[in-house]
There are 2 protein chains.
Amino acid sequence: MVIGPRQDRRPTMNDVAARAQVGLRTVSRYVNGMTNINPEMAERIRSAIEELGYRRNLAAASIRPGQTSGVIGLVIGDLANPYWAALARSVESVAAETGLLLTIASSEEDGARHDWVVERLLQQQVDMIIDVAPRTVGRSWSHWSPPLPPVVFVDRPGDLAGADTVLADNRGGTRDAVAALLAGGARRIAFVGDDRALHTMDERYEGYLLAHAQHGVVVDPTLVFETSHSSGQAVDLVARLLREGRADALFAANNRAAVGALLAFRTVGTRLPIIGFDDFEAAPLFDPPLSVVAQDVEAMGRAAVRAGLDRLQGDDGPARVQVLPTTLQLRGSERP
Amino acid sequence: MVIGPRQDRRPTMNDVAARAQVGLRTVSRYVNGMTNINPEMAERIRSAIEELGYRRNLAAASIRPGQTSGVIGLVIGDLANPYWAALARSVESVAAETGLLLTIASSEEDGARHDWVVERLLQQQVDMIIDVAPRTVGRSWSHWSPPLPPVVFVDRPGDLAGADTVLADNRGGTRDAVAALLAGGARRIAFVGDDRALHTMDERYEGYLLAHAQHGVVVDPTLVFETSHSSGQAVDLVARLLREGRADALFAANNRAAVGALLAFRTVGTRLPIIGFDDFEAAPLFDPPLSVVAQDVEAMGRAAVRAGLDRLQGDDGPARVQVLPTTLQLRGSERP
DNA sequence: TTGAAAGCGCTAACAC
DNA sequence: GTGTTAGCGCTTTCAA
């Protein structure tokens, strides 16, 4: 009977050390890419690894305090929304550049689910958490018992002191968009958006007010709608607006609202000048092409990972809030 | 001087056991949700956990052979494509139902990158890998040294014996779509697609041929294009086609090609009957609304996770290949 | 530079 | 049912 590893047991570092006739320590140094290893030993280790089909167990390597898991956790609303998908893509891409893996979890905008996911991510020992605070907020971040990995909030501010934040210039972007509509002659611009309890919505609403103020135009409060959670709700709302003829332009405060407005245009058979917030792939394909305030999602993802990485490397300066500029993409739909 | 845990050391199970005055074993059983625990002890443990802010270290729990990590690995082409995003969403959703986390990695359709990502996922001890084989394939899956976690291929077959596979009915879906175009009177239907070396493309091409054969229509090979990797390439191609007037209908074999065709329609100012493969959010918003062959991505993701979970539970039957039906969504663009 | 040995936080035999 | 103890695969003092 042969003495050796069981059939289905994967080879360990010990097996490699034994086979290569070197100490465990040396194998560890080898797989960790350390220099200063006797070339001859290195070669023995290399071939032992190959022959054995050895694969490092990163879970075991990371149980020691102070060790990193090499995994970033990202909590977003929902991968179905192209905006979150784009953010996730950006984060994944930057993470991969650094050799990190990305675990993505959806909060479905629900506080309880968000908290479960965060807890799970923490248990999994992720190196950092990039968090989009959900619409209905759960327990406060500050209630999580330390030590916590670096936390970075994206898109919306969170409630953890010391956490960095990456936001888009919702206010300025909206102001520019609404200003463009006003410059086109519109005077009764409807704001079709979601609940202003959402930080982004509130900021966009402020931008909407600001543009009006700067142009000396008075806002009609009955043209402000905060109930477009989904495109379906926006459809009904915009259809009604079109029939009533009360508005002469539309600002769609997120991509759901924009899609709903376009559907309503089609249903009712008439349209209004419109600008949306958040770009999406199909926006240029409509007739006329949809103008939007585009966020630099790529840059936001990159900035978030960067911030977390800096913290990981010991940066313990005060929390930073980065507000990234938006771009007004005028494609035609802003005209009557 | 107080003897105790260092400030930044997170409490361990040992700390909990000490504080609750119970054995380590009992704490372990408690956090693992086992029943049959003395209620009084359970309460002591519960409060000790709360007071200490104890959090389980799942990485440590999973280093023992046979233990699971509670993480699924998903390898897709790219989160930027709404098709992959939808698949990822589906997988994440099903995973969460089971208490599993999802690590998503993009292969960028590159074999080498795919292999790196898979290796990393294996090192991370994921419980299963759901894999979309990249366009340019790397090393064979069978070269990975066992034992391997369950592997499930989605969208395209892979090269690992014993791995389950979940595919869409590309052939049947395309046949139905092209048949609809033929039924509408089209006789010169262009196939605008990607390289046929891609399994899905080849199947869609077969469906295209099949529909023609069934209708007794001869295919003109000069109407078959395999160079639409991106929407940009499709734009040029379709624009040329429109100017030449050689085709009287279009089958866009993926959503990139469809988007490109629509852009070309706009540029040239004329259009043709068209049906695309893969549904996307904006498809119904075009004028006319884009008809598509829709895959049930939700079901595909679900089936993939299900298959992997079955394997995890000891199912060692022969590899299963599931081909999920597609749906032809006729919305208007198939008409002249 | 290298090797032996002591842990990391947790699970699972093994006795009680 | 509960406590004790021996590992899991790896990193890291500590000597040599």
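Sequence lines set the chain letters: A, B, ... in the order given, protein chains first and strands last, and positions in each chain run from 1.
Residue A:Glu97 places its CD atom among more than 12 non-hydrogen atoms of other residues, nucleotides or ligands, all under 6.0 Å distant.
No donor-acceptor contact under 3.5 angstrom links the side chains of A:Ser106 and A:Asp78, judged on distance only.
With values rounded to the nearest 0.5 angstrom, A:Arg306 atom CZ is found 12.5 Å from A:Arg311 atom CZ. How far CG of A:Leu58 is from CZ of A:Arg56: 5.5 Å, rounded to the nearest 0.5 Å.
A sub-4.0 Å separation between OP1 or OP2 of D:dG3 and a side-chain N or O of B:Thr26 is present.
Going from atom CD of A:Gln125 over to atom P of D:dG9 covers 19 Å, rounded to whole Å. For the pair A:Tyr30 OH and D:dC10 C1', the interatomic distance rounds to 17 Å; values are reported in whole Å. Distance CD (B:Gln123) to C1' (D:dC10): 13 Å, rounded to an integer number of Å.
The shortest side-chain heavy-atom distance between A:Gln124 and A:Thr103 does not fall under the 4.5 Å cut-off.
The side-chain hydrogen bond (donor to acceptor under 3.5 Å, both in side chains) test with B:Gln123 is passed by exactly one of B:Arg120, B:Gln125, B:Glu119: B:Glu119.
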Letter per nucleotide, 5' to 3', of nucleotides 8-15 of chain C [B base touched, S only sugar-phosphate touched, - untouched; heavy atoms, 4.0 Å]: BBSBBBB-
